[in-house]
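Written out below as C-alpha cells is the structure these notes cover.
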Number of protein chains: 2
Amino acid sequence: MPVGNNNYLLIEIILMEAAEKFRLICEKAGLTVTHQRFVIWETLASLPGHPSPEEVYARVKGEIPSISLATVYKTIHLFMDSDLFHEVSLHHGSMRVETNPQPHHHLVCRVCKSITDIDAGQIELRMPPGELPGGFAAERYAVDVLGVCADCRKRG
Amino acid sequence: MPVGNNNYLLIEIILMEAAEKFRLICEKAGLTVTHQRFVIWETLASLPGHPSPEEVYARVKGEIPSISLATVYKTIHLFMDSDLFHEVSLHHGSMRVETNPQPHHHLVCRVCKSITDIDAGQIELRMPPGELPGGFAAERYAVDVLGVCADCRKRG
DNA sequence: TTGTCTGCAAATTCTTTGCAAGTTT
DNA sequence: AAACTTGCAAAGAATTTGCAGACAA
C-alpha cells in the first residue's frame with residue numbers, strides 16, 4: 001500500500017494530543033472550540049457501542065457538573081451535521097412500520113431522508129464462512145443503501 | 001417447482017377474502033379479532049412505504065371515526081409482537097450515536113435488542129451491475145444482521 | 001358470563017426552544 | 001466589541017398507561 005502525502009498529515013494528527021486534534025477538527029468544520037464540546041467529543045469517542053444522549057450527559061457530568069442535557073443534545077446534533085459522528089437509526093424520532101411483506105432492502109436519501117424499497121434479490125450478501133462473532137445466530141439481513149436519490153441529485 | 005400440500009393451503013388463504021384471512025392470522029397468533037384490529041391491519045397492508053402511527057390513525061379514522069391514537073399504537077405493537085409487521089428502525093425511541101469510526105455493520109439481537117459491531121470486511125456485498133432504481137447514487141451500505149445473540153441463545 | 005379490548009385523559013419520555021448570562025474570537 | 005455558546009426552564013412531540021365502559025369468546 002503506497003504512502004501518499006496525505007498519510008503524513010494523518011500520522012501527525014494521530015500523534016497530536018486530543019485537544020490539538022479537536023481544535024483542528026473544529027477549524028476544518030468551522031466550529032467554535034469550547035470546553036464543553038471538547039469533553040463531549042472525547043466522551044463520544046471513548047464510549048463503546050451506541051450511547052444515548054442521556055448516557056453521554058451522565059458521563060460528561062463527571063467532568064463538567066454544570067453541563068446541561070440541552071447542551072449535550074445541541075452538541076451531538078452539531079457534530080452530526082459536521083459529519084464527526086452519525087446516528088445509528090433512520091427515523092429515530094418516530095415509529096415507522098414496515099408494510100412491504102416482500103424481502104427487500106432500503107435506499108435511504110441522506111438529503112431528503114426518503115426511504116425507497118429495493119428488492120432483496122438486487123443485493124447479494126456474502127457472510128464469512130465460519131460463525132459470526134460470539135456465536136450470534138443470523139436470521140435475516142437488512143441493508144440500508146445510503147446515498148442521494150434522483151430528485152435530490154437534480155436539485156443539486 | 002413442486003407443489004406440496006402447504007401450497008394448497010397457501011392458495012386457499014390467498015383466495016380467501018380479507019376478513020377471513022385476518023381471522024386465520026389472528027387464530028394462528030392467538031389474537032382476539034376485533035373490528036378495529038381488522039381495519040388497522042388492512043390499512044397497514046394497503047399503505048405503501050413506511051407509515052407512522054399518525055398516518056395509520058388518520059387513515060383508519062375514515063372508517064372508524066371513534067378510533068383513538070392509543071388503540072392504533074397498542075395494535076401496531078401487538079402486530080409487531082406477533083410478527084405480522086416489523087419496525088423500520090432499531091432504536092426508534094431515542095437517539096443513538098454511532099461512535100465507531102471504523103466501517104462496520106451491526107449484529108442486532110431480536111430478543112435483548114443489543115447491537116454489536118462487526119467489521120465491514122466480514123460481509124461482502126454485491127450490487128446489481130446496472131444502476132440502482134430511479135438513478136439513486138449509492139455512497140455506503142449499512143447492514144443489520146438480525147438474529148439472536150449468544151447470551152440469549154444460552155438462556156433459551 | 002368472563003376475559004379481553006377500546007377510548008379517553010393524564011402521565012411519561014425524549015427532544016427542542018427562548019432567552020439572559022457567560023465565552024470565544 | 002461582536003458573535004457565538006451555555007444553562008435553565010418551559011414548551012413540544014411522541015408514546016404509554018390507568019381505568020371504566022364496551023365487546024368478543
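Lettering of chains follows the sequences in order, A, B, ..., and the numbering in each one begins at 1.
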Could you state the atom-to-atom distance from [atom1] of [X] to [atom2] of [N] in whole Å?
| X | N | atom1 | atom2 | answer |
| --- | --- | --- | --- | --- |
| A:Tyr57 | D:dC8 | OH | C1' | 11 Å |
| B:Met80 | D:dT15 | CE | P | 10 Å |
| B:Gln36 | D:dC23 | CD | P | 9 Å |
| A:Leu31 | D:dT6 | CG | C1' | 16 Å |
| B:Glu27 | D:dA25 | CD | C1' | 12 Å |
| B:Glu54 | D:dA13 | CD | P | 11 Å |
| B:Arg37 | D:dA25 | CZ | C1' | 13 Å |
| A:Phe79 | D:dT5 | CZ | P | 11 Å |

Nearest heavy atom decides the nucleotide; on that basis, is B:Arg96 or B:Ser66 closer to the 5' end of DNA chain C?
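Residue closer to the 5' terminus by nearest nucleotide: B:Ser66.
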Most 5' of B:Ser94 and B:Lys74 on DNA chain C, judged by nearest nucleotide
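Going by which nucleotide is closer to the 5' end, it is B:Lys74.
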Member of B:Asn100, B:Asp117, B:Thr99 meeting the side-chain hydrogen bond (donor to acceptor under 3.5 Å, both in side chains) criterion with A:His50
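Only one of B:Asn100, B:Asp117, B:Thr99 forms a side-chain hydrogen bond (donor to acceptor under 3.5 Å, both in side chains) with A:His50, namely B:Asp117.
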Given that B:Val33 and B:His77 both sit by DNA chain D, which one's nearest nucleotide is further toward the 5' end?
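Nearest nucleotide further toward 5': that of B:His77.
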Five pairs per end, C1' atoms only: what is the angle between the end axes of the helix from C:dT1-D:dA25 to C:dT25-D:dA1, to 10 degrees?
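What I find for the helix from C:dT1-D:dA25 to C:dT25-D:dA1 is an axis angle of 40°.
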Any B:Tyr73 side-chain N or O less than 4.0 Å from OP1/OP2 of D:dT15
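Result: yes.
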Would you say B:Thr32 places a side-chain N or O within less than 4.0 Å of OP1 or OP2 belonging to D:dC23?
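False: B:Thr32 side-chain N/O out of range (4.0 Å or more) of D:dC23 OP1/OP2.
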Would you please test A:Trp41 and A:Ile25 for side-chain contact (heavy atoms from CB on, under 4.5 Å) and show each step?
CA-CA 11 Å; A:Trp41 175 79; A:Ile25 287 172; 3.6 Å; yes
N/O donor-acceptor pair under 3.5 Å between B:Glu63 side chain and B:Val60 backbone:
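Flag not set: sc B:Glu63 to bb B:Val60 has no pair under 3.5 Å.
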Are any side-chain N or O atoms of A:Ser46 and backbone N or O atoms of A:Thr43, one a donor and one an acceptor, separated by less than 3.5 Å?
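Such a contact is found between A:Ser46 side chain and A:Thr43 backbone.
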Rounded to the nearest 0.5 Å, what separates atom CE in A:Met80 from atom CD in B:Glu98?
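So the CE of A:Met80 and the CD of B:Glu98 are separated by 9.0 Å.
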Nearest-0.5 Å distance, CG of residue A:Leu90 to SG of residue A:Cys109:
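These two atoms lie 11.5 Å from each other.
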Mind checking A:Thr71 for me? I need base, sugar-phosphate or nothing, with any heavy atom below 4.0 Å counting as a touch.
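Base contact.
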Per A:Ala70 side chain, nearest of listed nucleotides D:dT15, D:dC8, D:dA24:
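The answer is D:dC8.
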Could you tell me the boundaries of the chain B footprint on DNA chain C, defined by atoms under 4.0 Å from its heavy atoms?
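With heavy atoms of chain B under 4.0 Å away, the range is C:dT4 to C:dT15.
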In the structure I gave you, are the side-chain heavy atoms of B:Cys112 and B:Asp151 within less than 4.5 Å of one another anywhere?
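Contact flag for B:Cys112/B:Asp151 side chains = no.
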